[in-house]
Amino acid sequence: MVVGDISTGTEVLVIGGGPGGYVAAIRGGQLGLDVTLVEADAYGGTCLNDGCIPSKALIHVSGLAHEVEHAESMGLHARADVDMQGLVGWKDGVVDQLTGGVEKLCKANGVNLLSGRAEFVDEHTARVVHGGDGQGSESIEFEHAIVATGSRPIELPGLAFDGERILSSADVLSLESLPESLLVVGGGYIGMELSTMLAKLGTEVTVVEMLDDILPGYDEDVTRLVRKRAEGLGIEFHFGEAAQGWEEVAAAARVRTETEDGETSEYTAERVLVAVGRQPASDTCNVEAAGVESTDRGVIETDDAARTTVEHIYAVGDVAGEPMLAHTAYREGHVAAEVIAGEPSRLDYQAIPAAVFTDPEIGTVGLSAAEAEAEGFEPVVGEMPFRASGRALTLGIEEGFVRIVADAETEFVLGGQIVGPEASELIAEVGLAIEMGARLEDIAATIHTHPTLSEAVGEAAANARGAATHTLNR
Ligand code: FAD
Ligand code: NAD
């Protein structure tokens with residue numbers, strides 16, 4: 001039945017129910033705004049349905065399986081039989097619990113939820129086309145809008161996703177059987193996290209990366225440990241080669257690559273994951289009709305209040321560009337809602353952490369020593385290796401380190417890089433230090449529980465002051 005056009009009004013229209021959009025909607029509801037959130041697909045967006053959560057669930061289980069199978073030196077002899085359907089079913093349950101939670105939280109905060117695709121008609125009107133069989137559309141007048149339409153994987157010419165041979169990260173996260181072999185195009189966040197996960201489950205993995213190292217943007221002594229461990233898991237790397245295209249050969253894909261000098265190579269695998277970055281999805285809601293501009297790459301540029309070039313229209317999350325991380329989207333969503341509600345909230349990217357859930361994990365925040373120097377600081381660096389941490393050794397881990405960067409003169413903490421166990425959790429302490437304007441002494445004098453990995457953060461800060469006790473001072 002066609003319901004036809006109805007017309008409604010809202011104070012704040014949020015387009016997209018991922019981490020940027022649902023957080024903006026909930027915060028707006030908390031602040032007493034009349035908010036309507038429109039989602040075309042599934043609440044929770046990429047993060048909950050096809051990104052952070054499903055990948056971390058599978059990474060956790062692959063780590064467990066691998067760990068129990070490789071603990072002979074600790075006196076543990078065990079075998080892990082992986083039932084891929086059971087594993088993916090469990091992961092889907094985690095996703096359902098969280099996406100259901102988002103819907104409940106939105107409703108509990110008074111957010112009106114609408115299913116459908118929203119498109120701007122002009123700068124104060126949008127049309128929402130409902131899914132399903134001819135369920136019609138509705139027109140919504142709004143005072144403010146927040147665009148939170150996210151991003152999608154970049155598709156390489158010659159390697160279009162088909163869900164069979166050429167897979168996106170979303171396809172890999174829902175595999176019902178383990179491929180015997182996988183070629184991964186791109187050694188960035190997704191390529192490295194998912195390669196590690198599948199190699200631990202028993203897939204033969206080859207990574208082709210266009211640059212000369214994995215994880216662009218991270219320090220070499222950090223990536224080296226991840227690469228070395230990945231090689232130890234049997235992952236084969238080919239650097240300086242860009243994937244160009246593929247052909248089907250005997251129930252497998254043969255992928256062609258080319259170096260800058262025009263040298264070509266071919267790799268054959270049962271399946272191929274293409275993870276060469278994501279592009280903002282600014283083309284899903286006709287932003288031009290509202291007068292909102294986007295760059296050639298599709299980024300909707302914003303100011304420190306998350307405002308676009310149109311005063312009453314905001315953009316948050318991946319659609320507003322790098323860094324494309326869920327916690328950045330959360331923060332931007334918060335700020336947009338608070339600014340609309342009249343609060344003096346502003347974005348500050350100084351202490352945005354990043355974590356890579358590889359083995360070992362990486363956690364970074366703030367400035368590296370080189371970045372600090374480039375910004376005119378005279379940095380002092382303190383380090384604590386995990387081989388000197390009692391807790392790390394009890395976990396069977398001897399590699400990695402915590403590094404803290406501070407300004408030599410004032411001792412203000414400027415940044416941290418951690419590679420090792422639970423780096424994604426440990427980095428939070430350094431982020432808090434930067435956010436609070438803490439000095440090295442504040443971290444060093446904080447009593448950390450023994451025996452924990454967090455002691456290494458305290459020791460790294462002490463090391464920068466020449467006062468570490470469990471490692472030699474520099
Ligand atoms: P999205 O989550 O993409 O949500 C956008 C939503 O908008 C979607 O639900 C979409 O259906 C909806 N939408 C689009 N157009 C319309 C329209 N016209 N009308 C209505 N609805 C619309 N980040 C981390 O911080 N940590 C991680 O560990 C991490 N792991 C990741 C792993 C993978 C495999 C991937 C792919 C990403 C990962 N990310 C991670 C990145 C993270 O998922 C994104 O940064 C985050 O989801 C961005 O949130 P968002 O709200 O901007 O967009
Ligand atoms: P990425 O930008 O991290 O890495 C892409 C890699 O592909 C780069 O190293 C690039 O040099 C390489 N590349 C590009 N074209 C190529 C080609 N033709 N052949 C071979 N290599 C090629 O992108 P991603 O891994 O797709 O991840 C996308 C985004 O998702 C990330 O930037 C991040 O914002 C987000 N993400 C975050 C996390 C996390 O926070 N832990 C995890 C996964 C994804």
Side-chain angles (χ1 to χ4, degrees), residues 13-24 37-56 58-59 99 114-120 126 128-129 146-154 156-159 168-170 172-173 184-194 207-218 238-245 255 257-258 273-287 315-320 322-330 332-333 352-358 361-363 424:
L13 175 69
V14 182
I15 304 181
Y22 82 73
V23 166
L37 170 64
V38 187
E39 169 54 54
D41 187 4
Y43 295 109
T46 304
C47 173
L48 295 193
N49 296 284
D50 304 310
C52 324
I53 294 301
S55 61
K56 268 79 245 182
L58 299 186
I59 287 167
T99 52
L114 269 186
S115 274
R117 180 163 296 278
E119 280 193 2
F120 289 103
V128 177
V129 180
I146 301 177
V147 181
T149 48
S151 64
R152 64 172 78 89
I154 293 175
L156 281 179
L159 279 150
S168 67
S169 53
V172 168
L173 295 172
V184 177
V185 179
Y189 275 85
I190 294 176
M192 287 313 300
E193 288 187 358
L194 299 188
V207 177
V208 172
E209 165 59 55
M210 178 170 93
L211 303 176
D212 56 8
D213 197 2
I214 57 168
L215 296 168
Y218 285 92
H238 297 275
F239 292 110
E241 297 181 27
Q244 303 287 341
V255 174
T257 69
E258 196 174 324
L273 162 64
V274 178
V276 293
R278 293 179 65 85
Q279 68 189 83
S282 53
D283 55 355
T284 68
C285 64
N286 200 23
V287 284
V316 301
D318 286 5
V319 76
E322 300 285 347
M324 293 195 189
L325 299 171
H327 44 275
T328 312
Y330 286 163
E332 292 169 349
I352 295 183
V356 195
F357 296 79
T358 39
E361 287 187 356
I362 300 173
S424 58

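Heavy-atom basis, side chains included; hydrogens, waters and symmetry copies ignored. Positions are given from 1, in the same order as the sequence printed here. Numbering of ligands and ligand atoms starts at 1, following listing order.
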Notebook entry, point to check: Are L173 and S55 side-chain neighbours, meaning at least one heavy-atom pair lies under 4.5 Å?
Noted result: yes

Notebook entry, point to check: Do ligand 2 and E322 have nitrogen or oxygen atoms that lie under 3.5 Å from each other?
Noted result: no

Next item on the list: Report yes or no: does E119 have a heavy atom closer than 4.0 Å to ligand 1?
Entry: no

Notebook entry, point to check: With a 4.0 Å cut-off on heavy atoms, does E241 reach ligand 2?
Noted result: yes

Item checked: Distance-only N or O hit between ligand 2 and A355, under 3.5 Å -> yes

Notebook entry, point to check: Is the shortest distance from a heavy atom of A320 to ligand 1 less than 4.0 Å?
Noted result: no

Note to self: When you compare the side chain of H327 with that of P353, does any pair of heavy atoms fall below 4.5 Å?
What the structure shows: yes

Check: Purely on distance, is any nitrogen or oxygen of V185 under 3.5 Å from one on ligand 2?
Finding: no

Next item on the list: Could you tell me the residue and atom name of the protein heavy atom closest to atom 25 (O) of ligand 2, and the distance to it rounded to 0.1 Å?
Entry: I190 N, 2.8 Å

Notebook entry, point to check: Less than 3.5 Å between some nitrogen or oxygen of V356 and one of ligand 2, yes or no?
Noted result: no

Check: Just one of D283, T284, D318 clears the side chain to side chain donor-acceptor pair (under 3.5 Å) bar with R152, so which one?
Finding: D283

Margin query: For ligand 2, which is the ligand I care about here, please tell me if R278 has any N or O atom under 3.5 Å from one of the ligand's N or O atoms.
Written below: no

Note to self: Is there a polar contact, in the sense of an N or O pair closer than 3.5 Å, between S169 and ligand 1?
What the structure shows: no

Check: Is the closest side-chain heavy-atom distance between T46 and R278 below 4.5 Å?
Finding: yes

